Amino acid sequence: MSIEQQVKDSIEQAMDATSVDVAQVSGGHFEIRVVSTAFEGKSLLQKQRLVLSAIAHLMKGEQAPVHAVDKLETIIP
Amino acid sequence: MSLDADLKNRLDTFVKSHEVFLFMKGTRTFPQCGFSASVVEILDEYLPDGYETFNVLADQGVREGIKEYSDWPTIPQLYIKGEFVGGRDIVAQMHESGELTGLLGQGPVEVGPPGITITDAAAGAFKDAQQDEEFKDLRLTVTGQFQYGLSFGPAHDGDIVEQAGGLTVRMDRGTARRAQGMTIDFVSGKDGTGFKIDNPNEPPKVKQLGPAELKQKLDDGAVTHLYDVRTPAERGMAVIEPSVLLDEDAAAALGALDKKTPIAFYCHSGARSQAAAQHFLQQGFSEVYNLAGGIDAWSQIVDDSVPRY
């Protein structure tokens, strides 16, 4: 399974999302766009935490498949 | 993995030590990663003097610990008034939306025309080049790492515009801030022909000292820490006294010195010591010297009792 797909699956499993788009822009660098009602009433930091905690296991350690999330959009439908 | 209590205390102390505290890769003047550089760029707009940074590349414990402490997977990480704000993406969005102004209690500092001087020689060279150009306004760029760009180009929204040397100079806000009092000259000589920029805002550089100049500074006590970056075998053959071999222990002790301490480095001919001097400059030392020509030049000019090898 591609890393993009792993990221997408992890987010979808962790939260109720209308859509999740993941693109690898360069080696280990990703852009993620999530649309979800779960973001309602949350601050920018809380919204990003929600998504990042879902993929924390992919970002741990020196050899992590996800090195950085260059852009993270959290959208309320 | 849970956070070690000592490390947690250290991080607590860091984030409370300054109103605005940034964990980043590199330093304010030498960011080592694009994300860290872009947060520095934003903070510089609001607080040209007043925030503190910590270089996580210099401390593996902090580098990993801060991720756990903030429950945030990447660097940079910004704290304001002891509270975690976020990484690059969040800071950039809060800058765009104006939220950062509320959090910092002040907006971006107003930037006016920087007062650039273009000498007659430079103005002449620009006017020669201008004739073939579609756009007649000069665009100046000074990046956060003080790399310079000069070209003819169109106007952009938000440009700061200044007249200098009979030319219209356009630039963005960051450039205007970093170009205060800058002079653009045009020189021709044996070292080549081209534009020469003198910018008082540039961060400190490694200063080159000839053997006689270094001797003077050592005698005056203007430099009290001289480091030998050669191998112990070379040190056995010839040495400048007093100096310290830069081994691991000495490097650790040096790293703990006040960053304003004048420090100097030497090797056999000046290249290895230049690299070491550059390294400590990037660690935040502001007065860093290199012995140009190394101990070899020292033997010939200052002290012929030091053997050449």
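Quantities reported herein were computed from a predicted structural model and do not represent experimental measurements. The chains referred to below are lettered A, B, ... by the order of the sequence lines, with proteins before strands, and numbering in each begins at 1.
Only the side chain of Phe35(B) comes within less than 4.5 Å of a heavy atom of chain A; its backbone N, CA, C and O stay farther away. For a residue to count as touching a neighbouring chain, one of its non-hydrogen atoms must lie under 4.5 Å from one of that chain's; by this rule Leu52(A) touches chain B with the side chain only.
Per-residue counts of heavy-atom pairs under 4.5 Å with chain B were compared for Asp70(A), Ile55(A), Val66(A); the largest is that of Asp70(A). In terms of non-hydrogen atom pairs under 4.5 Å with chain B, the most contact-rich of Lys71(A), Arg49(A), His67(A) is Arg49(A).
Surrounding NZ of Lys81(B) are more than 12 heavy atoms belonging to other residues, nucleotides or ligands, all under 6.0 Å away. Taking a 6.0 Å sphere around CG of Asp258(B), one finds it holds more than 12 heavy atoms contributed by other residues, nucleotides or ligands. Around the CD atom of Gln60(B), the shell of radius 6.0 Å holds more than 12 heavy atoms that belong to other residues, nucleotides or ligands.
Applying the salt bridge (Lys or Arg N to Asp or Glu O under 4.0 Å) rule to Asp137(B) yields the partners Arg170(B); only residues at least two apart in sequence or on another chain are considered. For Glu31(A), there are no salt bridge (Lys or Arg N to Asp or Glu O under 4.0 Å) partners, not counting sequence neighbours.
The interface of residues 172-179 of chain B with chain A, defined by heavy-atom distances below 4.5 Å, is empty. Residues of residues 93-105 of chain B lying within less than 4.5 angstrom of chain A, judged on heavy atoms, are Gln93(B), Met94(B) in numerical order.
Leu72(A) approaches Asp89(B) most closely through the heavy-atom pair N-OD2, 2.9 Å.
Ile90(B) places a side-chain heavy atom less than 4.5 Å from the side chain of Leu45(A).
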